[in-house]
Number of protein chains: 2
Amino acid sequence: MAPKVNINDIALKTGLSITTVSRVLNGKAEQYRIGKKSQQKIKEAARELNYIPNQYAANLRTGKSNTIALIVPSLNNPFFAGIASKINAEVRKFGYITIIGDSDENQEIEKIELLQLMSRNIEGLIIVPCGNEWEHIKHLHDLGLPVICIDRYFENVDLPYVSTDNYEGAYSATKYLLDHGHVSIACIQGVQAATPNKLRVQGFEDAMKEAGITDYSIVGDDYSVQNGYLETKLLFQHKTKPTAIFSLNNTIAMGCLKALKEEKIKIPEDVSLITFDDHPYLDFLATPLTCIAQPVSDISKIAIKFLFSRINNNEKNINQVLLKPKMKIKESVRNIL
Amino acid sequence: MAPKVNINDIALKTGLSITTVSRVLNGKAEQYRIGKKSQQKIKEAARELNYIPNQYAANLRTGKSNTIALIVPSLNNPFFAGIASKINAEVRKFGYITIIGDSDENQEIEKIELLQLMSRNIEGLIIVPCGNEWEHIKHLHDLGLPVICIDRYFENVDLPYVSTDNYEGAYSATKYLLDHGHVSIACIQGVQAATPNKLRVQGFEDAMKEAGITDYSIVGDDYSVQNGYLETKLLFQHKTKPTAIFSLNNTIAMGCLKALKEEKIKIPEDVSLITFDDHPYLDFLATPLTCIAQPVSDISKIAIKFLFSRINNNEKNINQVLLKPKMKIKESVRNIL
DNA sequence: TTGAATTGTACAAACGTTTGCGCATTTAAA
DNA sequence: TTTAAATGCGCAAACGTTTGTACAATTCAA
């Protein structure tokens with residue numbers, strides 16, 4: 001790498017001191033009454049020399065890195081990619097930059113990433129925690145780092161979060177299936193210990209119980225395509241096959257689709273399907289999938305709002321909010337009444 | 001934020017000098033013959049105090065940031081999200097971290113991001129350039145920053161790149177349509193000035209001309225869903241409607257699907273469709289889409305290999321490689337012979 | 001003419017690391 | 001014993017910024 005130009009070079013070139021250069025380049029010229037001609041000279045020299053400020057040096061001095069971190073379980077999941085894209089764009093408006101980490105649904109990687117990010121003096125963290133351990137995250141929060149969990153979070157832990165009302169989403173999805181005459185409903189879940197998953201399962205169960213149905217299956221243990229695939233395969237090995245499947249997220253739904261296709265089971269003729277999470281492609285599937293859409297954009301925006309109110313205003317409240325999901329009715333649920 | 005623990009605190013606590021602390025914590029204990037007990041004490045103290053090294057300070061001294069940057073046009077596009085995910089994971093293996101930028105298909109944002117990243121002392125850059133200006137990227141390359149373009153790149157510019165053989169992909173896709181009896185083929189393109197787009201168009205045209213067909217339409221000007229949608233709508237306003245559409249990327253294909261669905265035009269009965277770019281969802285569409293799949297994983301790996309050979313071995317060759325795409329034949333092309 | 005106020009600028013320390021060099025102290029060899 | 005080698009560690013400078021303070025020169029009022 002060619003040696004970089006620094007403010008000292010500019011000082012030399014203009015015959016002014018680095019102090020003056022720094023002040024002009026930081027827009028503090030007026031405040032420190034730097035002469036107009038000096039300002040001109042400095043700005044011109046900076047342009048000519050292609051000066052690029054060294055954030056790290058500045059950060060070392062000021063303690064401000066203008067950086068926040070986002071950790072998601074998998075950028076490959078369009079749901080999280082969407083969040084990342086949104087957050088990235090929103091954060092830029094605050095003059096900050098986002099470092100995106102991908103924990104690959106692996107808590108150990110998550111921890112390592114977190115340390116690396118802390119080493120980089122992040123001023124805030126938005127995280128979709130990928131496991132059920134929360135201590136390492138709470139620890140950072142206690143240290144004073146502004147932290148917001150999104151999508152996934154921890155109940156009964158004093159950490160701010162913004163997520164979807166998963167219970168309600170699952171409850172209404174199940175209700176919808178019930179209202180269409182389904183009784184034998186299978187629910188394919190993700191990571192069991194995760195709060196959203198627990199709440200979704202609970203919403204499902206409550207709706208079932210309210211309908212007086214106690215004979216349902218809840219299977220699966222992982223937010224993966226593979227899990228959706230295998231569990232769907234298994235479901236149709238049983239003597240009593242479900243008339244409807246409730247997939248607890250988009251990747252599981254994909255596995256589901258794959259298995260159903262292989263088995264030549266038609267949606268919604270042979271089985272009805274409803275899933276958590278939306279995606280543009282869902283509309284173009286063989287059968288457009290009815291889904292529980294999470295307000296991704298709102299979640300991102302609110303999370304950032306909270307984060308920056310912690311960063312800038314030193315807000316101390318532990319905000320915990322759940323946004324209402326929205327059911328998008330398409331064609332994957334058959335009325336069997 | 002709570003005041004952070006630094007090596008000085010450890011030095012104080014252990015009664016050793018910061019020099020010794022630094023050396024032990026950097027694994028240079030043996031090299032500098034630090035006593036075993038001292039090493040123990042230091043490591044223990046670091047753990048007890050929850051020491052987190054300050055990368056920025058270290059970087060300031062050493063010039064190594066252990067950071068590379070990735071800029072993609074849109075994380076929302078699953079194709080780029082996949083690349084980002086892959087690169088993120090691969091880079092970690094080298095002990096580096098990736099800062100991901102999203103240019104939102106906007107060259108001005110790309111430039112701004114680039115500056116911000118340079119301010120953060122990145123040691124390398126992998127970029128999917130979103131426009132047809134290459135000077136700002138070449139400039140960084142000339143400055144000595146290891147740069148690799150992926151997916152999109154510039155012809156006749158001395159910048160390393162790893163991409164797909166777009167010409168071949170488009171040529172064989174077109175050939176495939178022709179072989180199935182299609183004559184009236186419409187091609188919906190993306191950003192016209194972009195190299196991959198140009199090559200795809202060229203592959204399309206060459207195949208058509210070879211078949212003796214000169215009457216074809218090439219429409220569109222943008223890698224957006226909207227573009228695919230509008231152009232498809234327009235195509236079917238004409239008196240002579242195409243029997244096949246060749247979509248030049250996945251987002252365009254989505255717009256295409258949307259328009260076809262609205263117009264109740266069936267694939268492949270009414271029109272055949274083939275698209276560049278693969279995605280898991282493609283298999284589950286109403287009609288699984290035949291596509292030209294790019295070797296995303298290989299592109300990412302090779303790019304990183306090149307990048308680190310520049311970073312570590314000061315490799316100077318301008319590597320420019322094109323990988324063969326793979327046609328995945330599904331059900332969206334009808335044989336009309 | 002004097003003194004105060006204003007204007008324009010610079011010194012030097014600090015941020016948390018890393019590292020070339022050098023200095024004790026101990027051990028081993030003669 | 002004396003001397004050389006080996007062992008263990010610390011000093012202080014440097015990386016590129018920012019900023020509290022200070023100081024000189026000019027302008028202005030009296």
Side-chain angles (χ1 to χ4, degrees), chain A residues 1-42 45-46 49-67 116 118-123, chain B residues 1-42 45-46 49-67 116 118-123:
Chain A
M1 284 284 298
K4 279 201 185 166
V5 174
N6 57 29
I7 53 172
N8 196 34
D9 297 325
I10 301 183
L12 254 43
K13 173 152 183 167
T14 57
L16 293 162
S17 76
I18 60 167
T19 303
T20 305
V21 172
S22 170
R23 286 180 171 142
V24 168
L25 262 24
N26 282 296
K28 305 195 178 168
E30 301 314 319
Q31 182 183 342
Y32 286 96
R33 306 171 314 228
I34 311 293
K36 294 289 176 198
K37 329 98 200 173
S38 296
Q39 294 189 37
Q40 278 308 319
K41 279 206 293 186
I42 289 170
L49 296 175
N50 275 310
Y51 171 67
I52 296 178
N54 184 331
Q55 273 277 347
Y56 289 5
N59 171 233
L60 192 55
R61 176 61 227 250
T62 61
K64 280 196 67 65
S65 65
N66 291 305
T67 303
Q116 286 181 325
M118 287 302 288
S119 277
R120 286 174 158 80
N121 301 2
I122 53 171
E123 293 182 41
Chain B
M1 285 284 297
K4 280 201 184 166
V5 173
N6 56 30
I7 54 172
N8 196 34
D9 297 324
I10 301 183
L12 254 42
K13 172 152 183 164
T14 57
L16 293 161
S17 75
I18 59 168
T19 303
T20 305
V21 173
S22 169
R23 286 177 172 143
V24 168
L25 262 24
N26 282 298
K28 305 197 178 165
E30 302 312 320
Q31 183 183 341
Y32 286 96
R33 306 171 314 230
I34 310 294
K36 295 290 176 199
K37 330 99 201 172
S38 295
Q39 294 189 36
Q40 278 308 318
K41 280 206 291 185
I42 288 171
L49 296 175
N50 274 310
Y51 171 67
I52 296 178
N54 183 331
Q55 274 276 348
Y56 288 4
N59 170 234
L60 191 56
R61 176 62 226 250
T62 61
K64 279 196 67 63
S65 64
N66 291 304
T67 303
Q116 287 181 324
M118 288 303 287
S119 276
R120 285 175 158 79
N121 301 1
I122 53 171
E123 292 181 42

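So that the names make sense, note that chain A is the first sequence line, chain B the second, and so on, each numbered from 1. Computed from a prediction, not measured in an experiment: that's the story for all the values here.
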- line: Separation of C:dG8 atom C1' from A:Gln40 atom CD, nearest Å, is 16 Å
- request: Take the protein atom CZ of B:Arg61 and the nucleotide atom P of D:dC15, then report the distance between them rounded to whole Å.
  value: 8 Å
task: Go through B:Asn54 and A:Leu60 one step at a time and tell me if the side chain to side chain contact (heavy atoms under 4.5 Å, CB included) criterion holds.
output: CA-CA 9 Å; B:Asn54 183 331; A:Leu60 192 55; 4.1 Å; yes
query: OP1 or OP2 of D:dG16 sitting under 4.0 Å from any side-chain N/O of A:Asn54?
result: no
task: Look up atom CG in B:Asn66 and atom CG in B:Asn121, then write down how far apart they are to the nearest 0.5 Å.
output: 11.5 Å
- prompt: Just checking B:Asn26: base, sugar-phosphate only, or nothing, at a heavy-atom cut-off of under 4.0 Å?
  reply: sugar-phosphate
Under the side-chain hydrogen bond (donor to acceptor under 3.5 Å, both in side chains) test, residues paired with A:Ser65 that sit two or more places apart: none
- prompt: Listed by chain and number, what are the side-chain hydrogen bond (donor to acceptor under 3.5 Å, both in side chains) partners of B:Lys64, not counting sequence neighbours?
  reply: B:Tyr96, B:Glu123
message: For B:Glu30 versus B:Lys36, what's the shortest heavy-atom pair and its separation?
response: OE2-NZ, 3.4 Å
Base versus backbone protein contacts along nucleotides 7-12 of chain D [heavy-atom cut-off under 4.0 Å; B, S, -]: BBBBBB
task: Let me know the distance between CE of A:Met118 and C1' of C:dG16, rounded to the nearest Å.
output: 15 Å
field: Atom-to-atom span, CD of A:Gln55 to C1' of D:dT18 - whole angstrom
entry: 13 Å
message: For C:dT18 and B:Thr62 - does any side-chain N or O of the residue sit under 4.0 Å from the phosphate oxygens OP1/OP2?
response: no
task: Could you check how far CD1 of A:Ile7 sits from P of D:dT17, rounded to whole Å?
output: 5 Å
- request: Measure from NZ on A:Lys28 to P on D:dG20 and round the result to the nearest Å.
  value: 8 Å
field: Side-chain donor or acceptor of B:Tyr56 paired with backbone N/O of A:Arg120 under 3.5 Å
entry: yes
field: A:Ser22: side-chain hydrogen bond (donor to acceptor under 3.5 Å, both in side chains) partners, not counting sequence neighbours
entry: A:Asn26
- prompt: Tell me: CG of B:Leu25 to P of C:dT19, nearest whole Å?
  reply: 13 Å
message: Taking only side-chain N and O atoms of B:Lys4, does any of them lie within less than 4.0 angstrom of OP1 or OP2 on C:dG16?
response: no
- request: Mind calculating the distance between CD (B:Gln31) and C1' (C:dC21) to the nearest angstrom?
  value: 14 Å
Dump the pairs, protein N or O against N or O of nucleotides 25-28 of chain C, anything under 3.5 Å, distances to one decimal.
none

query: How would you list all residue pairs meeting salt bridge (charged side-chain N to carboxylate O under 4.0 Å, His left out) that involve residues 6-29 of chain A, not counting sequence neighbours?
result: A:Lys13-A:Glu48
query: Nearest heavy-atom pair of B:Leu49 and B:Val5: which atoms, and what distance?
result: O-CG2, 3.3 Å
